[in-house]
Peer 1: 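Below you will find the structure I want to go over with you.
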Amino acid sequence: SGVNPLAGVSNTQGTADMGCLPNFYPGYQRVSNATAQQKFEEAWGYPLGTTPGLTLTEVFPAIKAGKVKALYVVGHNPLLSHPDVSQVEAALDNIDFLVVQDIFLTETARLAHVVLPAATFAEKEGTFTNTERRVQQLNPVILPPGEAKPDWWITCQLAQRMGGWGFSFDSPSQIMEEIALLAPVYGGMTYPQLENGGRQWPCPTLNHPGTPIVERQGRFQFTPIEYRPVAEMTDADHPLILITGRSLWQFNAGNMTREVQGLNDLMGEAVVEINPQDAASLNLAEGELVSVVSRLGRVKAKAKLNAGLRSGTLFMAFHAPEVRANLLTQTTLDPKAETPALKTCAVSLEKN
């Protein structure tokens with residue numbers, strides 16, 4: 001067996017593989033590696049630096065500090081999914097130029113200076129890479145509506161019209177050929193090789209079958225770590241812990257699923273789930289309106305009793321734009337992983 005942590009968004013693995021990390025070129029070749037830098041400079045025809053870029057959590061403070069003047073957001077809705085969204089909103093309100101490329105007019109897109117309509121997964125050609133490193137081919141089943149275009153086409157057109165070199169691709173299969181040329185773990189990943197169920201990287205050559213299991217033998221060294229308390233501890237003013245997360249009925253921030261009436265019928269209204277014992281201590285009944293108050297903000301939602309929650313904890317899904325649970329959460333970063341503390345925060349409950 002192996003360890004496969006499930007990602008919250010489709011193709012998270014693939015985007016990381018393709019260099020959507022500030023310290024890696026495609027194929028996990030480090031930006032700081034001079035040999036990798038030279039290879040990509042020769043292939044792309046542009047000078048490249050060796051200093052990693054900003055992580056996602058560093059972007060919005062950099063906008064606030066005036067270090068980032070323009071932002072291009074593709075398929076992402078930080079006004080719902082980021083911690084302390086009031087800080088995100090303030091940054092986007094004041095940025096010089098904001099472009100959003102998406103399939104629906106999200107909360108973030110409504111603030112954009114330019115909106116580029118993109119095609120959905122069902123309307124374009126490409127690949128998805130899952131957590132077991134399997135690269136799977138994607139074929140369109142319907143035509144994009146209106147002026148919506150595939151992401152790769154939009155990127156190429158922008159580059160060409162801005163005088164960029166090397167973006168004269170006619171199809172995603174040509175892009176995959178360049179990926180195979182520059183990213184060794186994708187070396188054998190061409191469209192003909194992906195037709196029958198895909199392949200798992202590392203797949204360095206065309207005749208390579210792919211690598212279902214990276215480590216077949218050997219021992220791993222387990223290292224114990226010391227417990228480190230969460231960023232926010234409870235106190236007399238904020239005695240409860242709020243856990244934020246996803247709903248079974250809404251995918252991630254709900255950008256797509258909130259457009260589906262059937263799913264909204266199952267869960268279209270934001271609620272705060274509370275242990276019945278805690279509800280009784282506050283004289284709260286199912287369906288009553290309550291305010292959830294953290295050190296950063298306040299939101300209102302209806303109470304929903306859930307005996308499966310441990311006493312002292314609340315749960316809210318973060319996808320609902322009318323509530324925006326992430327108004328409550330902190331941007332404090334984990335010192336190792338640099339992920340924000342957006343899953344838990346100390347709160348109080350007030351009956352409205």
Side-chain angles (χ1 to χ4, degrees), residues 7 9 11-59 62 67-76 99 101 116 118 124-131 133-138 150-194 198-208 210-211 214 338:
V9 184
N11 216 22
T12 296
Q13 182 71 54
T15 54
D17 294 351
M18 291 302 102
C20 287
L21 295 169
N23 53 336
F24 287 109
Y25 293 120
Y28 301 100
Q29 299 167 86
R30 288 194 174 275
V31 168
S32 57
N33 184 292
T35 302
Q37 178 200 21
Q38 182 180 357
K39 179 175 77 170
F40 283 95
E41 282 186 342
E42 292 174 355
W44 291 343
Y46 295 98
L48 301 170
T50 56
T51 303
L54 300 177
T55 64
L56 187 58
T57 51
E58 293 170 334
V59 168
K67 297 178 181 179
V68 172
K69 303 293 185 180
L71 187 66
Y72 191 155
V73 179
V74 181
H76 187 48
V99 181
Q101 184 172 313
L116 300 173
K124 62 186 178 184
E125 184 183 341
T127 61
F128 273 76
T129 305
N130 68 11
T131 309
R133 299 165 287 103
R134 184 180 299 278
V135 182
Q136 303 164 94
Q137 195 170 353
L138 182 71
D151 295 297
W152 72 268
W153 184 91
I154 296 173
T155 301
C156 289
Q157 286 294 308
L158 279 174
Q160 290 176 33
R161 297 180 193 198
M162 294 174 69
W165 175 88
F167 289 86
S168 56
F169 299 106
D170 294 321
S171 68
S173 63
Q174 290 182 351
I175 298 171
M176 182 59 80
E177 289 172 4
E178 181 181 290
I179 292 167
L181 185 65
L182 295 176
V185 293
Y186 274 69
M189 301 282 190
T190 60
Y191 271 29
Q193 278 70 35
L194 299 177
R199 290 189 181 183
Q200 291 165 270
W201 65 260
C203 182
T205 60
L206 290 177
N207 58 1
H208 194 284
T211 309
V214 176
E338 294 190 9

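These figures come from a predicted structure and were not determined experimentally.
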Peer 1: Show the nearest heavy-atom pair for residues Lys124 and Asp151, with the distance to one decimal.
Peer 2: NZ-OD2, 2.6 Å
Peer 1: Let me confirm one number: the CD-OG distance from Glu177 to Ser171, rounded to the nearest 0.5 Å.
Peer 2: 7.5 Å
Peer 1: Going from CG on Asp17 to CG on Asn11, what distance comes out if it is rounded to the nearest 0.5 angstrom?
Peer 2: 8.5 Å
Peer 1: Backbone N or O of Tyr72 within a donor-acceptor pair of the Gln101 side chain at under 3.5 Å?
Peer 2: no
Peer 1: Quick check: do Leu54 and Pro22 have side-chain heavy atoms less than 4.5 Å from each other?
Peer 2: no
Peer 1: Under the side chain to side chain contact (heavy atoms under 4.5 Å, CB included) criterion, do Thr15 and Val9 qualify, and how do the steps go?
Peer 2: CA-CA 11 Å; Thr15 54; Val9 184; over 6 Å; no
Peer 1: Once rounded to the nearest 0.5 Å, what's the spacing between atom CG of Asp170 and atom SG of Cys156?
Peer 2: 9.0 Å
Peer 1: Please report the closest heavy-atom contact between Gly126 and Tyr191, naming both atoms and the distance.
Peer 2: CA-OH, 3.4 Å
Peer 1: Name the residue from Gln200, Gln13, Gln136 that meets the side-chain contact (heavy atoms from CB on, under 4.5 Å) definition with Asn130.
Peer 2: Gln136
Peer 1: Does one side chain, of Glu42 or Gln38, offer a donor that lies under 3.5 Å from an acceptor on the other?
Peer 2: yes
Peer 1: State, yes or no, whether a side-chain contact exists between Glu41 and Tyr46 at a heavy-atom distance under 4.5 Å.
Peer 2: no
Peer 1: Kindly say whether Gly210 contributes a backbone atom to a donor-acceptor pair with the side chain of Arg133 at under 3.5 angstrom?
Peer 2: no
Peer 1: Quick one: pull up OH in Tyr25 and OG in Ser32 and give me the separation to the nearest 0.5 Å.
Peer 2: 9.0 Å
Peer 1: What heavy-atom pair brings Ala43 and Trp165 nearest, and what distance separates the two atoms?
Peer 2: O-CZ3, 3.5 Å
Peer 1: For residues Trp152 and Gln174, is any side-chain donor paired with an opposing acceptor at under 3.5 Å?
Peer 2: no
Peer 1: What's the separation between atom CZ in Arg134 and atom OG1 in Thr127, rounded to the nearest 0.5 Å?
Peer 2: 13.5 Å
Peer 1: State whether a side-chain donor-acceptor pair under 3.5 Å links Thr129 with Tyr186.
Peer 2: yes
Peer 1: How about Thr155 and Val74: do any of their side-chain heavy atoms sit closer than 4.5 Å?
Peer 2: no
Peer 1: How long is the gap from CZ on Phe169 to CD on Gln160, to the nearest 0.5 Å?
Peer 2: 10.0 Å
Peer 1: Kindly give the heavy-atom pair with the smallest separation between Thr50 and Gln37, and that separation in Å.
Peer 2: CG2-OE1, 3.3 Å
Peer 1: In terms of the angle between their ring planes, are Trp201 and Tyr28 parallel, tilted or perpendicular, with boundaries placed at 30° and 60°?
Peer 2: tilted
Peer 1: What closest approach, in Å, do Pro26 and Gln29 show between heavy atoms, and which atom pair accounts for it?
Peer 2: O-NE2, 2.7 Å
Peer 1: Give the C-alpha distance, both sets of side-chain angles, the deciding distance and a yes or no for side chain to side chain contact (heavy atoms under 4.5 Å, CB included) between Trp44 and Leu182.
Peer 2: CA-CA 10 Å; Trp44 291 343; Leu182 295 176; 3.6 Å; yes
Peer 1: For Thr205 and Arg199, which heavy atoms make the closest approach, and how far apart are they?
Peer 2: O-NH1, 4.2 Å
Peer 1: Going through the distances and angles, do Met18 and Ile179 end up as a side chain to side chain contact (heavy atoms under 4.5 Å, CB included)?
Peer 2: CA-CA 8 Å; Met18 291 302 102; Ile179 292 167; 3.5 Å; yes
